[in-house]
Amino acid sequence: MHPRTPARDWPQALRVASYNIHKGVLGMGPAKRLRIHALQEGLRSLDADVVLLQEVQFEHRRHAMRLAGWPEQPQHELLGQGLGMFAAYHTNARTRHGEHGNALLSRFPILGVSHEDVSDHRFEQRGLLHVRLALPQGSAGAAPAQVLHCVVVHFGLFRGGRKRQIERLAEFLARQVPAHEPVIVGGDFNDWRGELGLELAAAGLVDVSARAATAVDPRHPRWHHRTRTFPAWLPLMPLDRIYVRGFAAHGLGLGWGADWARLSDHAPLLVDLTAQARDAQRVPGPGVARHILHG
């Protein structure tokens with residue numbers, strides 16, 4: 001199926017979502033249920049042009065035998081085909097029964113895919129998924145090489161490891177992304193303390209997933225300004241974020257409530273962006289408008 005064109009008039013708007021899908025499965029033991037098919041419909045309702053996904057199952061041999069309806073293809077392929085979007089994936093972790101990692105879905109063609117291992121120790125396998133997208137002519141301000149860089153992240157559970165991982169992310173961006181090309185970085189930062197962010201601000205990226213408030217510093221919002229995304233049924237912790245360079249945000253959404261809690265333990269984060277000309281790609285004013293998508 002050929003991906004359909006973006007739902008909004010480019011370059012006036014671009015909708016980006018970040019979502020930890022919990023490997024498309026919820027529950028424990030006998031109560032474990034396959035949710036990947038229902039999750040596909042949830043993603044469809046977000047109507048995003050680019051979707052950054054974490055905990056995407058490439059294969060799981062035990063689940064394939066025990067859970068009715070387990071898809072034959074990897075989850076990123078199932079979602080991409082079902083939504084009519086291009087898909088990219090790379091494994092972060094290999095387990096006894098399979099492997100999982102980060103993925104990206106896009107309505108724009110994919111130019112290239114790369115991966116950077118940022119595992120801090122052998123007990124947590126983590127990586128960065130870097131996807132280069134081809135934007136239509138005339139987008140991203142005055143940038144001549146119509147390329148959008150997207151990096152999907154999923155950081156570790158330990159404070160020191162997360163600090164080292166975001167430093168490696170900043171180094172990766174400096175090494176792999178030309179300074180004049182637009183960037184979107186998003187995913188599950190596992191940073192419930194709200195300590196990370198200045199490392200990306202130094203690279204010219206702005207956190208566009210902070211809640212609107214007159215006192216918000218877009219370079220490093222305080223904990224209580226960050227959008228809370230976990231757990232999905234009643235978000236209390238700001239684990240998921242979206243950072244950008246070359247864009248301004250004008251709308252922020254969160255999918256939470258009973259229906260979304262049946263799909264994953266995280267709530268999906270959604271932001272509407274508009275491209276900025278190169279001379280306007282500096283830290284924007286405080287906050288963005290917020291709307292809530294209840295489940």
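Just so you know, residue 1 is the first one in the sequence shown, and it goes up from there.
H266 has its ring centre no less than 6.0 Å from the ring centre of Y19.
The backbone N or O of A174 lies less than 3.5 Å from no partner atom in the side chain of Q176, so there is not a single donor-acceptor pair. Side-chain N or O atoms of H121 include one that pairs as donor or acceptor with a backbone N or O of F123 at under 3.5 Å. With hydrogens and angles disregarded, a donor-acceptor distance shorter than 3.5 Å links the side chain of Q165 to the backbone of G156. The backbone N or O of K23 lies less than 3.5 Å from a partner atom in the side chain of Q75, making a donor-acceptor pair. A donor-acceptor pair under 3.5 Å is formed between the side chain of R35 and the backbone N or O of R262. Judged by distance alone, with hydrogens and angles left aside, the side-chain atoms of S18 form no donor-acceptor pair with the main-chain N or O of G186 at under 3.5 Å.
Under 4.0 Å is where a charged nitrogen must lie from a carboxylate oxygen, and between D49 and R15 no such pair does. Comment: R245 does not engage E181 in a salt bridge, judged by the lack of any side-chain N to carboxylate O separation of less than 4.0 angstrom. Salt bridge R164/E199: absent, no basic N to carboxylate O contact under 4.0 Å. Salt-bridge formation is detected for the pair E41/R44: a Lys NZ or Arg NE/NH1/NH2 atom is positioned less than 4.0 Å from an Asp or Glu carboxylate oxygen.
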Kindly indicate, with the supporting measurements, whether the criterion side-chain hydrogen bond (donor to acceptor under 3.5 Å, both in side chains) is fulfilled by D188 and H154. CA-CA 5 Å; D188 181 355; H154 189 187; 3.2 Å; yes
Which is it for L133 and V50 under the side-chain contact (heavy atoms from CB on, under 4.5 Å) test, yes or no, and what are the steps along the way? CA-CA 10 Å; L133 302 178; V50 178; 4.0 Å; yes
Assess the residue pair Y243 and L169 against the criterion (side-chain contact (heavy atoms from CB on, under 4.5 Å)); give the C-alpha distance rounded to whole Å, side-chain angles, the decisive distance to 0.1 Å, and a yes or no. CA-CA 12 Å; Y243 291 84; L169 168 60; over 6 Å; no
Show your working on side-chain hydrogen bond (donor to acceptor under 3.5 Å, both in side chains) between S119 and Q125 and close with a plain yes or no. CA-CA 5 Å; S119 301; Q125 304 169 64; over 6 Å; no
Determine, stepwise, if the pair D120 / R168 fulfils salt bridge (Lys or Arg N to Asp or Glu O under 4.0 Å). CA-CA 10 Å; D120 192 60; R168 293 175 67 179; 5.6 Å; no
Quick one: do E195 and R159 satisfy salt bridge (Lys or Arg N to Asp or Glu O under 4.0 Å)? Show the steps, please. CA-CA 9 Å; E195 297 175 325; R159 181 182 182 186; 2.8 Å; yes
Go through I110 and R132 one step at a time and tell me if the side-chain contact (heavy atoms from CB on, under 4.5 Å) criterion holds. CA-CA 6 Å; I110 293 173; R132 295 167 59 247; over 6 Å; no
Kindly determine whether V25 and K32 satisfy side-chain contact (heavy atoms from CB on, under 4.5 Å), including the steps that lead there. CA-CA 7 Å; V25 175; K32 188 172 290 185; 3.1 Å; yes
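Between P178 and H149, the closest side-chain pair of non-hydrogen atoms falls below 4.5 Å. F230 has its side chain out of reach of P235: every pair of non-hydrogen atoms, C-beta onward, lies at least 4.5 Å apart. The side-chain heavy atoms of F172 and H130, taken from C-beta on, include a pair separated by under 4.5 Å. For the pair T91/H100, no side-chain contact is recorded, criterion being any heavy-atom separation below 4.5 Å from C-beta on. The shortest side-chain heavy-atom distance between S106 and V131 does not fall under the 4.5 Å cut-off. For the pair L254/T229, a side-chain contact is recorded, criterion being any heavy-atom separation below 4.5 Å from C-beta on. Residues I36 and L79 meet the side-chain proximity criterion, which asks for heavy atoms closer than 4.5 Å. Side-chain contact between N102 and V56 is absent, with no heavy atoms from C-beta onward closer than 4.5 Å.
Across all their heavy atoms, A267 and G255 have their closest contact at CB-O, 3.0 Å. When every heavy atom of S45 is checked against every heavy atom of G42, the shortest pair comes out as OG-O, 2.6 Å. Of all non-hydrogen atoms in W256 and A232, the two that sit nearest each other are CB-O, 3.4 Å. The two residues A249 and V271 come nearest to each other via the heavy atoms CB-CG2, 3.9 Å. Nearest heavy atoms, A88 versus L129: O-CD2, 4.1 Å.
In this structure, the side chain to side chain contact (heavy atoms under 4.5 Å, CB included) partners of L157, at least two apart in sequence or on a different chain, are E124, R126, N190. Residues satisfying the ring pair (Phe, Tyr, Trp, His ring centres under 6.0 Å) criterion with H60, sequence neighbours excluded, are H63, H97. Checked against ring pair (Phe, Tyr, Trp, His ring centres under 6.0 Å), H76 has the following partners two or more places apart in sequence or in another chain: Y89.
In this structure, L270 CG and I242 CD1 are separated by 7.0 Å, a value rounded to the nearest 0.5 Å. Taking CG of L269 as the reference point, atom CG of N20 lies at 12.0 Å (rounded to 0.5 Å). With rounding to the nearest 0.5 angstrom, the CG atom of L198 is 12.5 Å from the CG atom of L205. A distance of 5.0 Å separates CD of Q73 from CG of L78, quoted to the nearest 0.5 Å. Rounding to the nearest 0.5 Å places CZ of F108 at 9.0 Å from CE of M85. Interatomic distance, CG of L53 versus CD of E55, reported as 11.0 Å (0.5 Å rounding).
The cationic atom of R241 (NZ for Lys, CZ for Arg) lies less than 6.0 Å from the six-membered ring centre of F189 and within 45° of the ring axis.
L26 and W70 are assigned to two separate hydrophobic clusters, defined by single-linkage of ILVMFWY side chains at heavy-atom distances under 4.5 Å. F158 and I166 are members of different hydrophobic clusters when ILVMFWY side chains are connected at heavy-atom separations under 4.5 Å.
Each of L128, L104, I184 was compared with V152 under the side-chain contact (heavy atoms from CB on, under 4.5 Å) criterion, and only L104 meets it. Applying salt bridge (Lys or Arg N to Asp or Glu O under 4.0 Å) to R226 and the options D240, D191, D207 leaves one that passes, D207.
Heavy atoms of other residues, nucleotides or ligands lying less than 6.0 angstrom from CZ of R175 number more than 12. Heavy-atom neighbours of R193 CZ from other residues, nucleotides or ligands within 6.0 Å: above the threshold of 12.
Under the 30°/60° scheme for interplanar angles, the aromatic rings of H115 and H90 are found to lie parallel.
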